[in-house]
K.L.:
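For reference, the structure I am asking about is given below.
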Amino acid sequence: MPQAPYSTMRRDRYRRLDFTKTDREERFEYLYGIAATHGRPATRDELGAMLARLDGAVDRIRSRGGEVVFVHLPRCGRMRDIEEERYPREFYWDVFASRTRAVALHLEDDPVFSAFDCPDGSHIDVRDAPAFTSALAQLVRRNLPQ
């Protein structure tokens, strides 16, 4: 019997991921290969240039009354290991977070988010989405400038 897809997209482009409908390791082996080999880490100069462009965008948004929050979402298992090897946090995220004029939140710093599993290494299951969204909204609210 054909199995229903684990990933469906609603009309508003929200993608529901039901990982009970797929084999975690077999299905996502190709993702790990792509993450381990595609692209290249930025040099210090490239990272500095990207940060300058981002700060320009942050300033434009703020000038119109907006606020900007950058969120580093959770990664799990092999995907976390691959990303940490290729893009070490202390060289990329920590440098970015210390230089940006926006709010920068790394969810691995908040113990609430350690309860969420990401079966493919970077996405949560549809059943966890409401609790994850609620926890994220609370964290953002606590960290926005008053």
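Not measured: the values here are computed from a predicted model.
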K.L.:
So, does Arg62 use its side chain to make a donor-acceptor pair with the main chain of Arg101 at under 3.5 Å?
P.N.:
yes
K.L.:
Okay, side chain of Thr100, backbone of Phe96: is any donor-acceptor separation there less than 3.5 Å?
P.N.:
no
K.L.:
Do Arg60 side-chain atoms and Gly56 backbone N/O form a donor-acceptor pair below 3.5 Å?
P.N.:
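Yes, Arg60 side chain to Gly56 backbone: donor-acceptor pair under 3.5 Å.
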K.L.:
How about Leu17 and Ile124: do any of their side-chain heavy atoms sit closer than 4.5 Å?
P.N.:
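In short, these two side chains do not touch, never coming nearer than 4.5 Å.
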K.L.:
With no hydrogens and no angle check, is any side-chain donor or acceptor of Arg86 less than 3.5 Å from a backbone partner on His38?
P.N.:
yes
K.L.:
Answer whether the closest heavy-atom distance between the side chains of Met79 and Asp120 falls below 4.5 Å.
P.N.:
no
K.L.:
So which heavy atom on Ala42 is nearest to which on Phe91, and how close?
P.N.:
O-CE2, 3.7 Å
K.L.:
Counting neighbours of CZ on Arg44 that are heavy atoms of other residues, nucleotides or ligands and sit closer than 6.0 Å, is the number greater than 12?
P.N.:
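No - once you tally the heavy atoms of other residues, nucleotides and ligands closer than 6.0 Å, there are 12 at most.
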K.L.:
In Å and rounded to the nearest 0.5 Å, what is the CG to CZ distance from Leu107 to Phe116?
P.N.:
9.5 Å
K.L.:
Assess whether side chain to side chain donor-acceptor pair (under 3.5 Å) is satisfied between Arg15 and Ser7, documenting all intermediate values.
P.N.:
CA-CA 7 Å; Arg15 187 175 294 273; Ser7 172; 2.9 Å; yes
K.L.:
So, Glu83 and Arg78, do they make that salt bridge, N to O below 4.0 Å?
P.N.:
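No, no charged N to carboxylate O under 4.0 Å.
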K.L.:
How about Tyr92 and Leu47: do any of their side-chain heavy atoms sit closer than 4.5 Å?
P.N.:
yes
K.L.:
Check residues 130-138 and write down every donor-acceptor pair under 3.5 Å in which the side-chain atom is one partner and the other belongs to a residue at least two apart or another chain.
P.N.:
{"residue": "Thr133", "atom": "OG1", "partner": "Ala129", "partner atom": "O", "Å": "2.8"}
{"residue": "Ser134", "atom": "OG", "partner": "Gln138", "partner atom": "NE2", "Å": "3.3"}

K.L.:
Whether the side chain of Ser114 engages the backbone of Pro111 through a donor-acceptor N/O pair (distance < 3.5 Å, no angle test) should be reported.
P.N.:
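Yes, Ser114 side chain to Pro111 backbone: donor-acceptor pair under 3.5 Å.
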K.L.:
What I'd like to find out is whether the side chain of Val71 reaches to under 4.5 Å of the side chain of Leu73, using heavy atoms alone.
P.N.:
yes
K.L.:
Is there a continuous path of hydrophobic side-chain contacts, each under 4.5 Å between heavy atoms, that joins Phe70 to Tyr87?
P.N.:
yes
K.L.:
Measure across Val103 and Pro145 and return the closest heavy-atom pair with its distance rounded to 0.1 Å.
P.N.:
CG2-CD, 4.0 Å
K.L.:
Should the pair His72 and His106 be assigned to parallel (<30°), tilted (30 to 60°) or perpendicular (>60°) ring geometry?
P.N.:
parallel
K.L.:
Is there a chain of hydrophobic side chains (I, L, V, M, F, W, Y, each step under 4.5 Å between heavy atoms) that links Met9 to Phe19?
P.N.:
no
K.L.:
Quick one: do Arg89 and Glu84 make a salt bridge, cutoff under 4.0 Å?
P.N.:
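The answer is no: the pair does not qualify as a salt bridge.
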K.L.:
Do Leu105 and Val140 pass the side chain to side chain contact (heavy atoms under 4.5 Å, CB included) test, and can you show the C-alpha distance, the side-chain angles, and the key distance before you say yes or no?
P.N.:
CA-CA 8 Å; Leu105 304 172; Val140 168; 4.0 Å; yes
K.L.:
Please report the C-alpha distance between Glu46 and Arg40 in whole Å, then the side-chain angles of each, then the deciding distance to 0.1 Å, and finally whether the salt bridge (charged side-chain N to carboxylate O under 4.0 Å, His left out) criterion is met.
P.N.:
CA-CA 11 Å; Glu46 290 168 334; Arg40 67 169 177 76; 2.6 Å; yes
K.L.:
What do the steps show when you test Asp18 against Thr20 for side chain to side chain donor-acceptor pair (under 3.5 Å), and what is the final call?
P.N.:
CA-CA 6 Å; Asp18 183 349; Thr20 63; 2.6 Å; yes
K.L.:
In Å and rounded to the nearest 0.5 Å, what is the SG to CZ distance from Cys118 to Phe113?
P.N.:
12.5 Å
K.L.:
When you look at CZ of Arg16, are more than 12 heavy atoms from neighbouring residues, nucleotides or ligands closer to it than 6.0 Å?
P.N.:
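Check fails, neighbour count at 12 or below.
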K.L.:
Taking 4.0 angstrom as the limit, do Lys21 and Asp125 come out as a salt bridge?
P.N.:
no
K.L.:
Does any non-hydrogen side-chain atom of Leu139 lie less than 4.5 Å from one of Asp110?
P.N.:
yes
